[in-house]
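In what follows, chains carry the letters A, B, and so on, assigned in the order in which the sequence lines appear, proteins first and then strands, with residues in each chain numbered from 1.
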Number of protein chains: 2
Amino acid sequence: MTQRSTTRSTTRSATPGRRAGPEAAPTPLRPETRAEGFRQARHARRIELSEDYVELIGDLIRTVGEARQVDIAARLGVAQPTVAKMLKRLADEGLVLQRPYRGVFLTAAGEVLAERSRQRHRVVEAFLCALGVSAETARRDSEGIEHHVSDETLDAMRRFTARAGKASDGR
Amino acid sequence: MTQRSTTRSTTRSATPGRRAGPEAAPTPLRPETRAEGFRQARHARRIELSEDYVELIGDLIRTVGEARQVDIAARLGVAQPTVAKMLKRLADEGLVLQRPYRGVFLTAAGEVLAERSRQRHRVVEAFLCALGVSAETARRDSEGIEHHVSDETLDAMRRFTARAGKASDGR
DNA sequence: CCCGATTTATAGCAATGGCTATAAACAGTC
DNA sequence: GACTGTTTATAGCCATTGCTATAAATCGGG
Ligand SMILES: [Mn+2]
Ligand SMILES: [Mn+2]
Ligand SMILES: [Mn+2]
Ligand SMILES: [Mn+2]
């Protein structure tokens, strides 16, 4: 431990020389602490697609009666082979069941994930609307945001939306 | 156009048979419309890393004096070669400048992106706090959410945070 | 029962974002 | 100026997510 290395990278800012005054620079943050956020975001990115797929498949089955690759592709804005490959992966993961040329179906596990995802998506979208964002923007932004919202934040959003609804409602 | 195809996939739900009553099922949504959200999310995912890197590099330069690969890696929670490769890409994109064994620096373009990203990140994090989320959760969730927030939503967040601050403030 | 349109499947390609293992360059210390 | 530990660079490797082009399967009508 001769040069800078771990000392600076990890230990140094743990106990900063000057303690934070009121409203001072926000205390540099330990590297490990900072990494937590990035790790969480990377994890969310990894499962994002699965969530969007099962949610969309569930929607299609309910509204159209079946979920075909072409329809999934059209709604995701990707090419059909992209969907085919992804469905294979989802089948491997036990989230969907493919009946060739007869559409895709959700397994029990898929149904659970779909419902959880749909719920969260709805909360986020409704929240954005309650916050005063236009319906179009709420729809578009929520498609990405939903995957990065923890349960705690989701709860806060729910509370706010409910409050806002009560306030603007007749009562 | 004999079978189902485009008819169902694209045209069908454009003008649904039953017009939406008050608070009825939320009108199935045209496939193209739905695809917009997914496209926006995919786009955000593509530039997410660049944003996080330049923001972090700027932070390091300001607080530590220089941005070394090891320090970036520690804060992102990834391995150093991962950082090395990414920095090469960022250099190709004209966002950073590498002086071998002397740290990374931001180009003018990098500086601009970094500042914009940092700003947005701050707004989102402060907003989550104002919403009543714990500081830790706000820090972690904002790391992912920030990249999916449009200007319109960002504005709404700013307004809310300001309002909340005024409300709880002495006056 | 065969045709034509639609839908799926497959092959092959590329970019991205991770990793480990290892070599090379550098900076301080003696 | 050589040792030694730190930092960068490089060389593979792999998984993921997208694409195009093309072949195969299916289905509804005639
Ligand atoms: Mn969703
Ligand atoms: Mn989504
Ligand atoms: Mn950020
Ligand atoms: Mn981020």
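Of the charged side-chain nitrogens involved, none lies within less than 4.0 Å of a carboxylate oxygen, so that R118(B) and E125(B) do not count as a salt-bridged pair. Taking the charged nitrogens against the carboxylate oxygens, E36(B) and R30(B) have no contact shorter than 4.0 Å, which rules out a salt bridge.
Across dG18(C), dG18(D), dT8(C), the shortest atom-to-atom separation from the side chain of Y101(A) is found for dT8(C). The side chain of T82(A) lies closest to dG18(D) when the candidates are dG18(D), dT7(C), dG18(C).
Rounded to an integer number of Å, the gap from M86(A) CE to dT16(D) C1' is 7 Å. H43(B) has its NE2 atom 15 Å from the C1' atom of dG18(D), to the nearest Å. For the pair R68(A) CZ and dC27(D) P, the interatomic distance rounds to 8 Å; values are reported in whole Å. Taking atom CD on E66(A) and atom C1' on dT7(C), their separation rounds to 11 Å, with Å as the unit. Across the protein-nucleic acid pair, Q80(A) atom CD and dA11(C) atom P stand 14 Å apart, rounded to whole Å. Spacing between atom OH of Y53(B) and atom P of dT16(C) amounts to 14 Å, rounded to whole angstrom units. Residue D52(B) contributes atom CG, which lies 15 Å from atom C1' of dT16(C) at whole-angstrom precision. Between I72(B) atom CD1 and dT7(D) atom C1' the separation is 12 Å, expressed in whole Å.
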Candidate pair R42(B) and D52(A), rule salt bridge (Lys or Arg N to Asp or Glu O under 4.0 Å), full reasoning: CA-CA 12 Å; R42(B) 281 197 299 273; D52(A) 285 337; over 6 Å; no

Chi angles and distances behind the side chain to side chain contact (heavy atoms under 4.5 Å, CB included) call for E143(A), H148(B): CA-CA 8 Å; E143(A) 193 57 78; H148(B) 297 274; over 6 Å; no

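Residue G103(A) is the one, among G103(A) and R42(A), whose nearest nucleotide of DNA chain C lies closer to the 5' end (criterion: closest heavy atom). When the nearest nucleotides of DNA chain D are assigned to G77(A) and E93(A) by heavy-atom distance, the more 5′-ward of the two goes with E93(A). Heavy-atom nearest nucleotides on DNA chain D were determined for P81(B) and for K85(B), and the one closer to the 5' end corresponds to P81(B).
At the phosphate of dA9(C), neither OP1 nor OP2 sits under 4.0 Å from any side-chain N or O atom of K88(A). For the OP1/OP2 pair of dT16(C) and a distance below 4.0 Å, the side-chain nitrogens and oxygens of R46(B) include no atom meeting the criterion. Contact annotation: Q69(A) side-chain N/O to dA9(C) OP1/OP2 distance is under 4.0 Å.
Residue R45(A) is classed as a sugar-phosphate contact, given heavy-atom separations below 4.0 Å to backbone atoms only. If you check every strand for non-hydrogen atoms under 4.0 Å, Q98(B) touches sugar and phosphate atoms only.
Applying the side chain to side chain contact (heavy atoms under 4.5 Å, CB included) test between F127(A) and each of M157(A), R159(A), R122(A) identifies M157(A) as the sole match.
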